[in-house]
Amino acid sequence: MKLSVSSPKCTVTTSAADIQLVKGASPKQGLKAYLLTAGFDLANKSSDYFPAPGKYDQVATISCTTPATPINSILVKPIATDVKSKGRAYFVDSKGNKAANGDLTVVFEQLEVNGKGALHSYIDEKPYKPSDAFLTQDKVDGVATVSWRPLIWWDNDGTPLGTPENGKYSVSGQIVVDY
């Protein structure tokens, strides 16, 4: 008798390599004014942060070589050189200068898994771990999807955006999947 066990290999692709926010009007533009013109919903909070407009929602596609691969957890986290706290990062320019003197930060939030509501905050870098592992949904191609979005926090309404080196501030993120 022989018992063969295959080890799945999974890859993750995202709906966009970059999320391009609306350009700030000037280095002196205040944070609240900027976020309003960028379409952020400042009337509603999610996990104490303000959600980005739906146009910034992202979909991570997890493709595995073995159909129905159990996905034990997923985490979307910043991989910034300047992190305020676990899961919460500053926007920084190419020299590490912080946007708005450090008053502007981002975290990530999960919205759905395989098309079903599964709201989960990745603050503190706590991965989404369902009570039962979710499966790559299609028993033919071994694919699962997770939709997520950035959430923004700022400390002072009038803090100016500032002048970034090379014209932009950014935050990088990473998707970590345990299967």
Side-chain angles (χ1 to χ4, degrees), residues 8-22 31 34-35 38-42 44-65 68-94 96 98-100 102-138 141-155 168-179:
K9 300 223 182 303
C10 299
T11 58
V12 179
T13 55
T14 58
S15 51
D18 291 314
I19 302 172
Q20 190 63 46
L21 298 176
V22 172
L31 283 175
Y34 167 72
L35 292 169
F40 282 80
D41 185 355
L42 304 186
N44 294 305
K45 282 186 173 183
S46 181
S47 306
D48 291 328
Y49 291 83
F50 295 91
K55 66 182 177 182
Y56 299 127
D57 290 2
Q58 298 293 300
V59 176
T61 302
I62 304 163
S63 302
C64 299
T65 56
T69 298
I71 307 295
N72 300 313
S73 70
I74 186 164
L75 170 65
V76 180
K77 66 178 187 169
I79 49 170
T81 54
D82 207 338
V83 176
K84 184 167 185 170
S85 60
K86 269 184 119 170
R88 182 177 174 189
Y90 295 108
F91 283 85
V92 295
D93 67 13
S94 60
K98 297 175 189 146
D103 281 353
L104 183 65
T105 56
V106 66
V107 298
F108 301 110
E109 177 179 71
Q110 176 179 285
L111 301 170
E112 295 180 339
V113 171
N114 290 336
K116 295 180 182 161
L119 193 64
H120 176 76
S121 172
Y122 294 118
I123 190 90
D124 298 326
E125 294 186 9
K126 291 181 182 164
Y128 172 71
K129 293 182 178 182
S131 54
D132 293 319
F134 65 92
L135 300 177
T136 50
Q137 62 192 13
D138 189 313
D141 63 11
V143 173
T145 58
V146 176
S147 65
W148 58 276
R149 65 182 175 185
L151 300 176
I152 299 294
W153 180 256
W154 79 98
D155 293 317
K168 68 178 177 182
Y169 295 108
S170 63
V171 173
S172 295
Q174 176 181 18
I175 299 170
V176 181
V177 178
D178 175 36
Y179 60 93

Problem - Validation row: Phe40, Pro53 side chains within 4.5 angstrom (heavy atoms) - result: yes
Taken in chain and number order and not counting sequence neighbours, the residues that satisfy ring pair (Phe, Tyr, Trp, His ring centres under 6.0 Å) with Phe91 are none
Tell me if a side-chain donor or acceptor on Thr105 pairs with a main-chain N or O of Ala89 at a distance below 3.5 Å. no
### Query
Would you say Gln110 and Val113 make side-chain contact, with heavy atoms under 4.5 Å?
yes
- Message: Do Pro51 and Arg149 have side chains that approach each other closer than 4.5 Å (heavy atoms only, starting at C-beta)?
- Response: yes
Does a side-chain heavy-atom distance below 4.5 Å link Ile62 with Ile74? yes
**Message:** I'd like to know whether Lys77 forms a side chain to side chain contact (heavy atoms under 4.5 Å, CB included) with Val176, so could you lay out the CA-CA distance, the side-chain angles of the two residues, the decisive distance to 0.1 Å, and finally the verdict.
**Reply:** CA-CA 8 Å; Lys77 66 178 187 169; Val176 181; 4.2 Å; yes
Here the gap from Lys9 atom NZ to Ser63 atom OG, rounded to the nearest 0.5 Å, amounts to 15.0 Å
Exactly one of Tyr122, Phe108, Tyr56, Tyr128 clears ring pair (Phe, Tyr, Trp, His ring centres under 6.0 Å) with Trp148, and that residue is Phe108
Could you tell me whether the side chain of Lys55 reaches within less than 4.5 Å of the side chain of Val22, counting heavy atoms only? yes
Test side chain to side chain contact (heavy atoms under 4.5 Å, CB included), reference Pro127, set Val177, Asn72, Leu75, output is Leu75
(message) Using side-chain heavy atoms (C-beta onward) and a distance below 4.5 Å, is Ile71 in contact with Asp178?
(response) no
In this structure, CD of Glu125 is separated from OG of Ser85 (nearest 0.5 Å) by 9.0 Å
Separation between NZ (Lys86) and CD1 (Ile123), nearest 0.5 Å, reads 11.5 Å
Checking side-chain hydrogen bond (donor to acceptor under 3.5 Å, both in side chains) for the pair Glu109/Ser121: CA distance, chi angles, key distance, verdict?
CA-CA 4 Å; Glu109 177 179 71; Ser121 172; 5.6 Å; no
dist His120:NE2 -> Glu112:CD (nearest 0.5 Å) comes out at 15.5 Å
Q. Considering only heavy atoms from C-beta outward, does the side chain of Asp57 approach that of Ser147 to under 4.5 Å?
A. no
>> Measuring only between side-chain heavy atoms, which start at C-beta, is Gln58 closer than 4.5 Å to Ile19?
In response: yes
TODO: Give the C-alpha distance, both sets of side-chain angles, the deciding distance and a yes or no for side chain to side chain contact (heavy atoms under 4.5 Å, CB included) between Ile152 and Leu104.
DONE: CA-CA 7 Å; Ile152 299 294; Leu104 183 65; 3.5 Å; yes
Lys84 NZ/CZ over Tyr90 ring centroid, <6.0 Å and within 45° of normal: no
